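Scroll down for the structure; my scribbles are underneath it.
As the structure is a computational prediction, the values presented were derived from the model and not from experiment. Note that ligands are numbered from 1 as they come in the structure, with each ligand's atoms numbered from 1 the same way. Any value given below was found using the heavy atoms of this structure, including those in side chains, with hydrogens, waters and symmetry copies removed.
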Amino acid sequence: MSLNEIETQLKALQKTATDAIASVESLDNLEPLRVKYLGKKGELSQILRGMGKLSPEDRPRIGALANEVKEDLQNRLEMAKSHLETAAIAAQIEAETLDVTMPGSYRALGRQHPLNSTRDRMIDIFVGLGYTVAEGLEMETDYYNFEALNTPADHPARDMQDTFYLPNNNLLRTHTSSVQIRYMENHEPPVRVIAPGRVYRRDTVDATHSAVFHQVELLAVDKNLTFTDLKGTIKEFLNQMFGEDLPVKFRASYFPFTEPSAEVDVQWQGKWLEVAGCGMVDPNVLKAVGYDPEVYTGFAAGFGVERFTMVQHKIDDIRRLYNSDLRFLQQF
Ligand code: DAH
């Protein structure tokens, strides 16, 4: 091959390689080009193999030209590489850009259900009066729900109409009074406990009745407790619950587990509201748990949580408390 031919080939190589490098669009395609043109078995080396036949005078010229082409292509490869790297970073930044002006995803703030906040207020008041919180079971036996509470087998409260009976002599407790027995069985007097919880009755659901509702049970047993202590405790509780000193009435009533028994009415905003059943713990109940009724007396009461919630928040239908309607719940 002649000097001219080699020169022409080198120039042609430079041109093709320059175009190829210029049109590369990804980093991955760059290295194959380097190998193709400048690699050991690349096109440049192929051309230089023809140099052997040149005269010693011509060789340096071709050598110089070959170096020039090689350096030029190396520079171009370097530059292409750095451009593509910059572009890749720019693309990544672009793809990962956060538009901080875009609206965030809305997370609703939870809030306490009005039944729970009312229950907690009731608990707090009694805790302030020295009571502790006791818990029982929602599935009970006939013994704890009725028998130990001096409720005879023929008592109407035991009627299938009122109680959800379950297999194996179990039932869903109809009141939190069952916790009285469970607590006293495991503790010696003096007793000062409250038992908040869910209770069940086979009531037909309407604006004022629900098959599931909530009570707070109160129980105190000690030496020398009297009806006056009961009245004072309930009066104090109601004063704190309503935030003012309201007229309170104790109306004679009947419960199997208390003697005497009363129902408690409070006059609020001109209306008498029935808010609790109460009484002195029947000696038979004390006997059932092994307390000596000659030594100890006690008083007890049962408050409805729904009642307080509904009057204080002016809720007209008990069902609103259970149907999870956010439009209703968001008001609290
Ligand atoms: N357990 C009764 C009910 O559910 C309420 C009650 C009345 C509870 C008198 C008591 C009490 O502790 O002494 O209707």
Counting each atom of ligand 1 from 1 as listed, which ones have a heavy atom of Q180 under 4.0 Å away?
-> 12 (O)
Give the residue and atom name of whichever protein heavy atom lies nearest to atom 2 (C) of ligand 1, and the separation in Å to one decimal.
-> F257 CZ, 3.8 Å
Between S177 and ligand 1, which part of the residue brings a heavy atom under 4.0 Å of the ligand: side chain, backbone, both or neither?
-> side chain
Should the pair K287-D292 be classified as a salt bridge under the 4.0 Å nitrogen-to-oxygen rule?
-> no
State whether R61 and E7 are salt-bridged, where the test is any N-O pair (Lys NZ or Arg NE/NH1/NH2 against Asp/Glu carboxylate O) under 4.0 Å.
-> yes
Contacting atoms of ligand 1, where contact means under 4.0 angstrom from a heavy atom of Q215 | 3 (C), 4 (O)
Any side-chain heavy atom of E217 within less than 4.5 Å of one from Y183?
-> no
G279 heavy atoms, cut-off 4.0 Å: which ligand 1 atoms fall inside?
-> 13 (O)
Does NZ or CZ of R198 come closer than 6.0 Å to the centre of the six-membered ring of F213, within 45° of the ring's axis?
-> no
T174-ligand 1 polar pair, N/O distance under 3.5 Å | no
Just which atoms of ligand 1 are under 4.0 Å from any heavy atom in F255?
-> 7 (C), 9 (C)
With sequence neighbours excluded, what pairs up with D99 under the salt bridge (Lys or Arg N to Asp or Glu O under 4.0 Å) test?
-> none
Write out the residue and atom name of the closest protein heavy atom to atom 14 (O) of ligand 1, then the distance separating them to 0.1 Å.
-> R201 NH2, 3.8 Å
Report yes if A301 has an N/O atom closer than 3.5 Å to an N/O atom of ligand 1; otherwise report no.
-> yes
Please state which protein non-hydrogen atom is closest to atom 12 (O) of ligand 1 and give its distance, to 0.1 Å?
-> E217 OE2, 2.6 Å
When you check the gap from the basic side-chain N to the acidic O, do D142 and R158 get nearer than 4.0 Å?
-> yes
When you measure from atom 8 (C) of ligand 1 to every protein heavy atom, which one gives the shortest distance, and what is it?
-> G302 N, 3.3 Å
Against heavy atoms of T258, which atoms of ligand 1 measure under 4.0 Å?
-> 13 (O)
Test of ring centre spacing under 6.0 Å for H214 and F308 | no
May I have the step-by-step check of ring pair (Phe, Tyr, Trp, His ring centres under 6.0 Å) for F237 and F126, ending in yes or no?
-> CA-CA 7 Å; F237 165 73; F126 284 118; 4.5 Å; yes
Are the charged groups of D245 and K235 less than 4.0 angstrom apart, N to O?
-> yes
Do L218 and ligand 1 have an N or O pair less than 3.5 Å apart?
-> no
